[in-house]
Engineer: 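I have a structure I would like to understand better, so I am pasting it below and will then ask my questions one at a time.
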There are 2 protein chains.
Amino acid sequence: MRVKIVDVAREANVSVATVSRVVNNIPLVNEETKERVLEAIKKTGYKPNAIARSLKIQKTNTMGIMIPDITNPYYTEIVRGAEDVCGIYHYNIILSNTDFDPEKEKKSLNVLVEKQCDGIIYVGKDLSAEMQAELIDAPSEVVLGCIPDDSGFLSGVLINNETAAYELAMELIKMGHKKFMLFFDELEEGYIYQERKKGFIKAFEENNIEFDDSRILREKLSLSGGYTMMQEAINTGVDFTCVFCFNDQTALGAIRCAEEMGKKIPEDISICGFNNFWIAEWTRPQITTVAQPMYDIGAIAMRMLIKLCEKDGDRTVKNVYVPHEVHIRGSVTEIKK
Amino acid sequence: MRVKIVDVAREANVSVATVSRVVNNIPLVNEETKERVLEAIKKTGYKPNAIARSLKIQKTNTMGIMIPDITNPYYTEIVRGAEDVCGIYHYNIILSNTDFDPEKEKKSLNVLVEKQCDGIIYVGKDLSAEMQAELIDAPSEVVLGCIPDDSGFLSGVLINNETAAYELAMELIKMGHKKFMLFFDELEEGYIYQERKKGFIKAFEENNIEFDDSRILREKLSLSGGYTMMQEAINTGVDFTCVFCFNDQTALGAIRCAEEMGKKIPEDISICGFNNFWIAEWTRPQITTVAQPMYDIGAIAMRMLIKLCEKDGDRTVKNVYVPHEVHIRGSVTEIKK
DNA sequence: CTGAAAGCGCTTACAG
DNA sequence: CTGAAAGCGCTTACAG
């Protein structure tokens, strides 16, 4: 049996109120009784029941984090950043993988709310109107990761995807590329997709580069998805010298396929990823990509969330844009005229 | 304000007991009143308070998972396996990164216990006597990941590291290698370290291969750690044709360093990793390694843990050894005599 | 400085 | 089939 506060009280010959006071470090306790209580706690091995405490004080010091897939290195870093900040402020996180599945998301949000999470971080590539409404409605505080809020009720931490894509495209255009392809997600039409597409197309248009949707391929954003898309791109005989992949895994898959099909990377095809996952400069060729400060996104989001949860914390709601960085590496090269 | 059970009761004109019964799907409720309650729940938007429920029924349906670092792809997979199983059985996980730090581990265990986790999965490379005692003592159920228990009080899920290392070494020996180096962790002397070392040395001895501890290098087990060790190995002029790295990141770092120093991999040096992280066959060269079923380790451990937590679940305590697989890939080759 | 008591939001014997 | 009541283990005004 777990020992409870009343056992300690009995042992120390005081009331439970007094024990509670010393456990919670409330000052107005006589030094001597405090000693006695401390002794009793040690002797009995008492550990406060946080559940009971939470029920009483209406605060769990537990945060929920909804993330598509912890296995995706991009999200892994976010979680690590969030958890580290939690540790500092004596919170814990409940982790929930949602796999971009609206049903799972709804269920997950529900249990996080039922478990009385003080706050919830919602990470995704898009925010459906329905999900947005649920998040605004939720009694827990909410901060978005990687997507902004447009309702004025939520906060978000993210990079400017449009600018990032634009800058990346401009670099490749400067290198002489004119014939591009995009390797994007199989289904997605959501926020990040739109933003990046806007950025790429803006760069294309400013430079009078022809582009239409037939140059967008769609598959799972994975090593094998990238492989498949490259296969298709080469087989259908489209004319292209450069590919923008939605993430680095996809880019690496595409690189491998191209190599196997006899292409030299970057001489024959320049290939770019996105996110700068931890291994991007250790592959051969190294992957040209846009670095997102993923750890920081998690850490900043969590900091904001904690402030929302604390009594006199900052309650300003805002979208925070964190800096990105274009990294030009070995997977791309100037076009030879 | 969150709506509570009494609000629903008032709305439906029944007692809280009745509301509780329909919420928990307890059969003996009149169909008609049930309808009325359901309606009231929908109207009020009632969501049960899981904290209050937990306090009453003495069960949180929350599991703790203590893991060195979620950012290490090896552990990421374990967490995913564990979380997926949790989802099936309506549990959630609190994630805690411990960074191999005994202090953090102790603190973490403490809050998981205070938060009344039904069970805890402890993942690590070693189990100190102190930690073992604390885990046995903990009121929450415990299952170990990646390490076995020798006390008879805990369960564990892991591969046989000695056999795995032995088999890997034998493959390389068959290829004609005789001069080996080991790239191991900077500090570690723990369980997994010992087991693997035993396995390697057993293979060496059986084949009359000379080996002593001067052939073990130690550094952080990371891309840059592997890089550093290879640099040192080459610079000190030790004679070797094959390196066993403690994990795949280290192997990849070692490969890159060797390449930069003008060595051809695998022609000049054969390099092996361990774990078969998700990218191991997409690097160039592909990494020879031992695959651990990491997802399964997490999933199985969680299944066992849940059984321990359920009323009439299987309470057998045992160490479960899951199969590993040696993958010979492009980072190694036969030695040319 | 300390204790008795109420209450956090549930569940569940028990009685009817 | 339904409700009144006790109790899960805490915290915290309130009184002394």
Side-chain angles (χ1 to χ4, degrees), chain A residues 1-38 40-41 44-62 110-111 113-118 139-140 311, chain B residues 1-38 40-41 44-62 110-111 113-118 139-140 311:
Chain A
M1 215 43 244
R2 304 201 188 214
V3 9
K4 29 198 176 170
I5 199 167
V6 49
D7 303 317
V8 179
R10 197 176 301 125
E11 179 70 29
N13 230 317
V14 294
S15 71
V16 296
T18 301
V19 177
S20 173
R21 285 190 192 103
V22 350
V23 168
N24 292 295
N25 246 312
I26 294 169
L28 30 84
V29 181
N30 179 22
E31 201 48 46
E32 192 204 328
T33 40
K34 186 170 170 180
E35 287 306 320
R36 222 164 61 240
V37 171
L38 256 17
I41 288 175
T44 56
Y46 171 67
K47 294 200 174 142
N49 181 327
I51 295 292
R53 176 163 210 275
S54 290
L55 177 60
K56 179 62 192 174
I57 69 172
Q58 304 281 69
K59 188 162 187 326
T60 55
N61 275 44
T62 300
N110 212 49
V111 321
V113 165
E114 289 190 355
K115 291 202 171 174
Q116 314 295 110
C117 287
D118 297 335
S140 307
K311 266 282 168 297
Chain B
M1 216 42 242
R2 302 200 190 216
V3 8
K4 31 200 171 169
I5 199 168
V6 49
D7 301 317
V8 179
R10 196 176 301 125
E11 179 71 30
N13 230 315
V14 294
S15 73
V16 295
T18 301
V19 177
S20 174
R21 287 192 191 100
V22 349
V23 167
N24 291 296
N25 246 313
I26 294 170
L28 29 84
V29 180
N30 179 22
E31 201 48 47
E32 192 205 329
T33 40
K34 186 170 171 180
E35 287 306 321
R36 219 163 63 239
V37 171
L38 256 17
I41 288 174
T44 56
Y46 170 67
K47 296 202 172 141
N49 181 327
I51 295 292
R53 176 162 210 274
S54 290
L55 177 59
K56 178 62 192 173
I57 68 173
Q58 303 281 68
K59 189 163 188 323
T60 55
N61 275 43
T62 301
N110 212 48
V111 320
V113 166
E114 290 191 355
K115 291 203 172 175
Q116 312 296 111
C117 287
D118 296 334
S140 307
K311 266 283 169 295

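Residue numbers start from 1 in every chain, and the chains themselves are labelled A, B, ... in the order their sequence lines are given, proteins ahead of strands.
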Engineer: Hey, does the side chain of K4(A) come within less than 4.0 Å of dG9(D)'s phosphate (OP1/OP2), counting only N and O?
Structural biologist: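 Yes, K4(A) has a side-chain N/O under 4.0 Å of OP1/OP2 on dG9(D).
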
Engineer: Any pair with a residue in residues 18-30 of chain B that passes salt bridge (charged side-chain N to carboxylate O under 4.0 Å, His left out), sequence neighbours left out, goes on the list, sorted by first then second residue, please.
Structural biologist: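 For residues 18-30 of chain B: none.
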
Engineer: How many Å lie between CD1 on I5(B) and C1' on dG7(C), as a whole number?
Structural biologist: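 Checked: the CD1 to C1' distance equals 16 Å.
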
Engineer: Side-chain atoms of residues 45-57 of chain B: list all donor-acceptor pairs with protein atoms under 3.5 Å, sequence neighbours left out, distances to 0.1 Å.
Structural biologist:
| unit_1 | atom_1 | unit_2 | atom_2 | d |
| --- | --- | --- | --- | --- |
| K47(B) | NZ | N110(A) | OD1 | 3.2 |
| N49(B) | OD1 | I51(B) | N | 2.8 |
| N49(B) | OD1 | A52(B) | N | 3.0 |
| R53(B) | NE | N24(B) | OD1 | 3.4 |
| R53(B) | NH2 | N24(B) | OD1 | 3.2 |
| S54(B) | OG | A50(B) | O | 2.9 |
| S54(B) | OG | K59(B) | O | 3.0 |

Engineer: The criterion is salt bridge (charged side-chain N to carboxylate O under 4.0 Å, His left out); which residues satisfy it with R36(A), sequence neighbours excluded?
Structural biologist: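 Not a single residue meets the salt bridge (charged side-chain N to carboxylate O under 4.0 Å, His left out) criterion with R36(A).
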
Engineer: Kindly indicate whether the side chain of V22(B), heavy atoms from C-beta on, has any atom under 4.5 Å from the side chain of I41(B).
Structural biologist: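 They are in side-chain contact.
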
Engineer: Please give the stem ranges for DNA chain D, sorted by first residue number, where a stem is three or more consecutive Watson-Crick or G-U pairs and both donor-acceptor distances are under 3.5 Å.
Structural biologist: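 For DNA chain D the paired stretches long enough to count as stems (3 pairs minimum) are C:1-3 with D:14-16, C:5-12 with D:5-12, C:14-16 with D:1-3.
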
Engineer: Does any N or O in the side chain of T44(A) come within less than 3.5 Å of the main-chain N or O of V8(A), such that one atom is a donor and the other an acceptor?
Structural biologist: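 Not at all, since once roles are kept as given, no pair shorter than 3.5 Å links the two residues.
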
Engineer: Could you check how far NZ of K59(A) sits from P of dG9(D), rounded to whole Å?
Structural biologist: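 In whole Å, dG9(D) P and K59(A) NZ are 23 Å from each other.
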
Engineer: List in numerical order all residues of residues 28-36 of chain B for which some heavy atom is under 4.0 Å away from an atom belonging to DNA chain D.
Structural biologist: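 Per residue number, the list reads L28(B), V29(B), N30(B), T33(B).
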
Engineer: Which heavy atom of S140(B) sits nearest a heavy atom of C117(B), and at what distance?
Structural biologist: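 Residues S140(B) and C117(B), closest heavy atoms: OG-O, 2.7 Å.
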
Engineer: Can you list, by residue number, the residues of residues 12-21 of chain A that have a non-hydrogen atom closer than 4.0 angstrom to DNA chain D?
Structural biologist: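 A17(A), S20(A), R21(A), in order of number.
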
Engineer: Suppose we screen for side-chain hydrogen bond (donor to acceptor under 3.5 Å, both in side chains). Which residues come up paired with S15(A), at least two apart in sequence or across chains?
Structural biologist: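 S15(A) satisfies side-chain hydrogen bond (donor to acceptor under 3.5 Å, both in side chains) with T18(A) only.
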
Engineer: Would you kindly give the CD1-to-C1' distance between I57(A) and dG9(C), to the nearest whole Å?
Structural biologist: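 For the pair I57(A) CD1 and dG9(C) C1', the rounded distance is 15 Å.
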
Engineer: Output the rounded distance in Å from CG (N25(A)) to P (dT12(D)).
Structural biologist: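 In whole Å, dT12(D) P and N25(A) CG are 13 Å from each other.
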
Engineer: OP1 or OP2 of dG7(D) versus the side-chain N and O atoms of Q58(B): is any pair under 4.0 Å?
Structural biologist: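 No.
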
Engineer: Please report the distance, rounded to the nearest Å, between CD in E114(A) and P in dG9(C).
Structural biologist: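 The answer, rounded to whole Å, is 15 Å.
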
Engineer: Can you tell if the side chain of K4(A) reaches within under 4.5 Å of the side chain of V19(A), non-hydrogen atoms only?
Structural biologist: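 A side-chain contact is absent here, since even the closest heavy-atom pair is not under 4.5 Å.
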
Engineer: Going by atom types alone, do K115(A) and T62(A) pair a side-chain donor with an acceptor below 3.5 Å?
Structural biologist: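 Looking only at side-chain atoms, T62(A) and K115(A) do not form any donor-acceptor pair under 3.5 Å.
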
Engineer: State, with a plain yes or no, whether a side-chain heavy atom of K34(B) is found less than 4.5 Å away from one of P27(B).
Structural biologist: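 No. Closest side-chain heavy atoms not under 4.5 Å.
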
Engineer: Give, ordered by number, those residues of residues 45-55 of chain B having at least one heavy-atom distance below 4.0 Å to an atom of DNA chain D; if nothing qualifies, reply none.
Structural biologist: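 Per residue number, the list reads L55(B).
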
Engineer: Restricting to pairs with a member in residues 5-14 of chain A, which pass salt bridge (charged side-chain N to carboxylate O under 4.0 Å, His left out), not counting sequence neighbours?
Structural biologist: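 Applying salt bridge (charged side-chain N to carboxylate O under 4.0 Å, His left out) to every pair that reaches into residues 5-14 of chain A, excluding sequence neighbours, yields D7(A)-R10(A), E11(A)-K43(A).
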
Engineer: I need the CG-P distance between N61(B) and dC10(C), as an integer number of Å.
Structural biologist: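 Computing the N61(B):CG to dC10(C):P distance gives 16 Å.
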
Engineer: How many Å lie between CD1 on I26(A) and C1' on dC10(D), as a whole number?
Structural biologist: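 After rounding, the gap between these two atoms is 12 Å.
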
Engineer: Expressed as a whole number of angstroms, how long is the span from K56(B):NZ to dC10(D):C1'?
Structural biologist: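 Between C1' of dC10(D) and NZ of K56(B): 15 Å.
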
